[in-house]
Amino acid sequence: MENFQILAAQRQSDRAFDPSRPVEKEKIQRILETARLAPSACNSQPWHFIVVDDTEIRYRLADAVASKLLGINHFTKQAPIHIVIVEEKPNLTAGIGSWVKDKNFAHIDVGIVAAHIVLAAEDEGLGSCILGWFDEEKVRNVLHIPSGKRVLLDIVLGYSTQPKKKKSRKPLDKIVSWNRYE
């Protein structure tokens, strides 16, 4: 297997972190640099990253992304780093293209940058989990994000305490066809 394929196979959604082990700033900087290099429609780069490493803010953010009712995302208090992705207005060309093609290119671009972040984290020896189910208004309030901005994702990072699991994926012949839809 090639190096990138090994990296992609190893990366998993981790939901248990060592809260006593901080993540080195150099690793976060390299992850953010990798994210900065991600492609986007018409080079629009419709994102803003908020890195949360302050303990008090991190705990308040973890409360905003957890749901007592649904019992989800409670593990986020253990994660020493949150990278919140805020959607920014795309450039004119990407905005027009989104309207003409009825595709939200900014959301596609944020998905691409999130993949860059979690794969770069894996390459740095860190675990990660992408969160999209949270109370956006609470997150906005905790991080002082203007009300007109969308908070699309929160990616938690840290040193995972979970063992690596073998991935369960559909076989290629079930998800790929050649030259026509079958």
Side-chain angles (χ1 to χ4, degrees), residues 7 10-38 40 44-90 104-165:
L7 183 70
Q10 289 175 339
R11 195 268 150 195
Q12 64 185 20
S13 292
D14 289 303
R15 292 177 176 86
F17 301 95
D18 182 347
S20 68
R21 193 169 173 198
V23 176
E24 300 84 349
K25 291 257 191 231
E26 306 78 44
K27 288 186 176 189
I28 300 302
Q29 287 297 125
R30 286 191 296 267
I31 291 166
L32 293 168
E33 178 61 21
T34 299
R36 190 182 72 82
L37 297 173
S40 60
S44 190
Q45 304 169 58
W47 48 64
H48 180 88
F49 308 115
I50 302 172
V51 180
V52 179
D53 63 352
D54 176 271
T55 304
E56 181 186 327
I57 298 170
R58 199 167 43 83
Y59 284 170
R60 289 178 40 227
L61 180 58
D63 285 339
V65 300
S67 170
K68 289 182 176 89
L69 179 65
L70 298 173
I72 60 170
N73 298 341
H74 292 286
F75 65 91
T76 58
K77 273 201 171 145
Q78 301 170 353
I81 300 291
H82 288 246
I83 300 176
V84 175
I85 304 178
V86 179
E87 178 184 10
E88 293 295 326
K89 187 176 178 181
N104 192 327
F105 290 130
H107 289 187
I108 294 167
D109 295 339
V110 166
I112 293 167
V113 82
H116 275 61
I117 289 169
V118 298
L119 288 168
E122 181 68 31
D123 194 47
E124 293 285 350
L126 300 171
S128 63
C129 190
I130 302 171
L131 309 171
W133 187 295
F134 49 80
D135 187 322
E136 188 174 351
E137 188 61 31
K138 284 183 182 177
V139 171
R140 213 183 273 113
N141 289 336
V142 169
L143 301 177
H144 306 283
I145 299 167
S147 62
K149 301 277 185 189
R150 291 294 318 270
V151 181
L152 296 183
L153 298 173
D154 177 13
I155 302 175
V156 293
L157 304 174
Y159 287 96
S160 177
T161 59
Q162 282 186 231
K164 292 291 185 188
K165 299 173 278 190

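Annotation: salt bridge (charged side-chain N to carboxylate O under 4.0 Å, His left out) contacts of Lys149 (sequence neighbours excluded): Glu88. The side chain to side chain contact (heavy atoms under 4.5 Å, CB included) test applied to Ala16 returns Gln78, Thr161, Gln162, not counting sequence neighbours. The side-chain hydrogen bond (donor to acceptor under 3.5 Å, both in side chains) search around Ser160 returns Asp14, not counting sequence neighbours. The salt bridge (charged side-chain N to carboxylate O under 4.0 Å, His left out) test applied to Asp53 returns Lys25, not counting sequence neighbours.
Leu157 is listed as a side-chain neighbour of Ile31, based on a closest heavy-atom distance under 4.5 Å. Residues Val51 and Leu32 form a side-chain contact, since some pair of their non-hydrogen atoms from C-beta on lies under 4.5 Å apart. In this structure the side chain of Ile81 never reaches within 4.5 angstrom of the side chain of Val156, judged on heavy atoms.
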>> I'd like to know whether Val84 forms a side chain to side chain contact (heavy atoms under 4.5 Å, CB included) with Phe49, so could you lay out the CA-CA distance, the side-chain angles of the two residues, the decisive distance to 0.1 Å, and finally the verdict.
In response: CA-CA 6 Å; Val84 175; Phe49 308 115; over 6 Å; no
>> Could you walk me through whether Phe134 and Val151 satisfy the side chain to side chain contact (heavy atoms under 4.5 Å, CB included) test, starting with their C-alpha distance in whole Å, then the side-chain angles of each, then the deciding distance to 0.1 Å, before giving a yes or no?
In response: CA-CA 10 Å; Phe134 49 80; Val151 181; 3.8 Å; yes
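Of the possible donor and acceptor atoms, one in the side chain of Gln12 sits under 3.5 Å from a partner among the backbone N and O of Lys165.
Summarising the geometry, atom CG belonging to Leu61 is positioned 5.0 Å from atom CG belonging to Leu143; distances are rounded to the nearest 0.5 Å. The NE2 atom of His82 lies 5.5 Å from the CG atom of Asp154; values are rounded to the nearest 0.5 Å. Interatomic distance, NZ of Lys89 versus OG of Ser44, reported as 10.5 Å (0.5 Å rounding). The structure places CH2 of Trp47 at 4.5 Å from OG of Ser40, a figure rounded to the nearest 0.5 Å. One distance of note links CZ of Phe17 with OH of Tyr159; it measures 12.5 Å at 0.5 Å rounding. Atom CD1 of Ile83 sits about 5.0 Å away from atom CD1 of Ile117, to the nearest 0.5 Å.
For the side-chain contact (heavy atoms from CB on, under 4.5 Å) criterion with Val86, the lone passing option out of Leu152, Ile145, Leu153 is Ile145.
Smallest separation of non-hydrogen atoms from Asn73 and Val65: ND2-O, 3.0 Å. Taking all atoms of both residues into account, the shortest heavy-atom contact from Val113 to Ala35 is CG2-O, 3.4 Å. Taking every heavy atom of both residues into account, Val110 and Pro46 meet most closely at CG2-O, 4.1 Å. Across every non-hydrogen atom of Gly158 and Val23, the tightest pair is CA-CG2, 3.9 Å.
Annotation: salt bridge (Lys or Arg N to Asp or Glu O under 4.0 Å) contacts involving residues 55-67, sequence neighbours excluded, comprise Asp63-Lys77. For the side chain to side chain donor-acceptor pair (under 3.5 Å) condition, the pairs that include at least one residue of residues 122-140, sequence neighbours left out, are Arg11-Ser128, Arg30-Glu124, Glu122-Lys164, Glu136-Arg140, Glu136-Arg150, Glu137-Arg140.
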